[in-house]
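As the structure lists them, so they are numbered: ligands from 1, and atoms in each ligand from 1.
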Amino acid sequence: MKLHSDKIGISRRRFISQTGAMMVCAAVHPRLTAARAAPSGKTRLILLGTGGGPRPRKNSFPSSQVILVNNQAYVVDCGDGVATQLARADVPLPALRHVFITHHHSDHNADYGALLLLAWASGLETRVDTWGPPPLARMTRLFFEMNGYDIRTRIVDEGRTPLAPLVHVHELTRGATVMQDENVTVKCALVDHPPVKPAFAYRFDARDRSIVISGDTCRSDALIQLAQGADVLVHEALYVPAVDRLAARVPNAATLKNSILSHHTSVEDVGRVAEAAGVKTLVLSHFVPPDDPNITDQMWIDGARSAYKGHIIVGKDLLEI
Ligand SMILES: [Zn+2]
Ligand SMILES: [Zn+2]
């Protein structure tokens, strides 16, 4: 099955950068179905999943968020349940326009293919651009191949337009301007999430506000630079005293603890990052450990507050910011 890629046909689109990766401005495609209109017309950010780690839980979904500009959906990360969470947030799936993956841990990409397939099965008829580290193109192609039976059946039975030609994949390998359209300019920076390379943070500059999503990272100077002066920084957060309890669940506790501490950011350091970047609002998300009843919202806030003077929000699934 043919997968459209911007390796071909790029002359039809405005070129932003061609260094190091396929980073091509997407053409403008009107959406037939719009998301629920925001009364103020402002750019909306909805947290879809705020728990860290891929394990399905009762109280929080894994990582995903959506930015809505002019009723078009820009999804960042596709943890388990992203399509369901969009539906619960009243965002029509056919409004999907761009998908950005920060890195290839399953709490960020498990439902990447499912989002594309389910948006299409829900009436998506227009182009979607997807962006993220390699092997995003191969993952997309194999997912469509794996679901070929259903896709072919729906094309015949329901008269749907073929799915693969709607999806344009762009693999990113370095920090740069990712894309620009009539709604937003999107930039990415390489962050530090060993051993996963590359791992990205994304910045969205819309007409009325700027929003940065950290992805997974330990304390990152590149992220501080990317987030300079942003209105909103959504940053992953680790509560260090709880890591011992979390690690105790597995046989190799010491190894897991070291691993967690080396590739995530303590909530105190998140405060330092937000202060150094001068962001107006800090949103804590991707909580590690997730759903821990022993860690109150106030404890998360206190951790970040030790270094950060701005507005702090403790993220919740389906919270709009
Ligand atoms: Zn994660
Ligand atoms: Zn990760």
Side-chain angles (χ1 to χ4, degrees), residues 45-66 75-82 85 99-115 130-136 139 171-173 175 188-202 212-220 222-223 226-227 233-240 242-243 245-247 249-250 252 255-267 269-270 273 282-292 295 300 303-304 314-317 319:
L45 165 65
I46 304 174
L47 307 178
L48 300 173
T50 57
R55 180 172 52 87
R57 296 171 294 266
K58 273 179 137 178
N59 297 320
S60 69
F61 279 83
S63 268
S64 61
Q65 39 265 308
V66 63
V75 169
V76 183
D77 278 341
C78 296
D80 168 42
V82 59
Q85 289 296 82
V99 179
F100 302 85
I101 300 295
T102 59
H103 67 293
H104 289 307
H105 269 148
S106 55
D107 52 329
H108 299 257
N109 72 7
D111 270 5
Y112 161 72
L115 175 61
T130 72
W131 313 81
L136 194 66
M139 290 166 64
E171 292 187 342
L172 307 174
T173 57
C188 68
L190 280 171
V191 291
D192 216 4
H193 187 48
V196 180
K197 285 188 178 178
F200 290 106
Y202 292 101
V212 178
I213 311 290
S214 73
D216 285 7
T217 182
C218 54
R219 187 195 175 286
S220 166
L223 175 60
L226 182 75
L233 168 62
V234 180
H235 201 302
E236 66 130 284
L238 169 70
Y239 196 79
V240 175
V243 172
R245 267 180 286 142
L246 190 73
R249 292 185 197 163
V250 300
N252 57 341
T255 308
L256 179 63
K257 180 182 177 182
N258 287 337
S259 168
I260 291 172
L261 294 177
S262 71
H263 63 242
H264 289 294
T265 308
S266 72
V267 68
D269 273 348
V270 174
V273 168
L282 169 62
V283 179
L284 302 175
S285 190
H286 192 284
F287 297 102
V288 177
D291 299 353
D292 188 331
I295 311 171
W300 287 110
V314 179
K316 307 284 180 198
D317 288 15
L319 178 68

Among the protein atoms near the Zn ion (ligand 1), how many are N, O or S and lie under 2.8 Å away?
4
Least distance between heavy atoms, Pro194 atom then Ser262 atom
CG-O, 3.7 Å
Close side-chain approach of Leu45 to Gln65, heavy-atom, < 4.5 Å:
yes
Distance-only side-chain donor-acceptor flag, His286 / His264, under 3.5 Å
no
Establish, from distance only, whether the side-chain atoms of Asp317 and Thr50 form a donor-acceptor pair under 3.5 Å.
yes
All side-chain hydrogen bond (donor to acceptor under 3.5 Å, both in side chains) counterparts of Thr130, not counting sequence neighbours:
Tyr112
Test your reading of the model: is there a side-chain donor-acceptor pair from His235 to the backbone of Leu282, 3.5 Å cut-off?
no
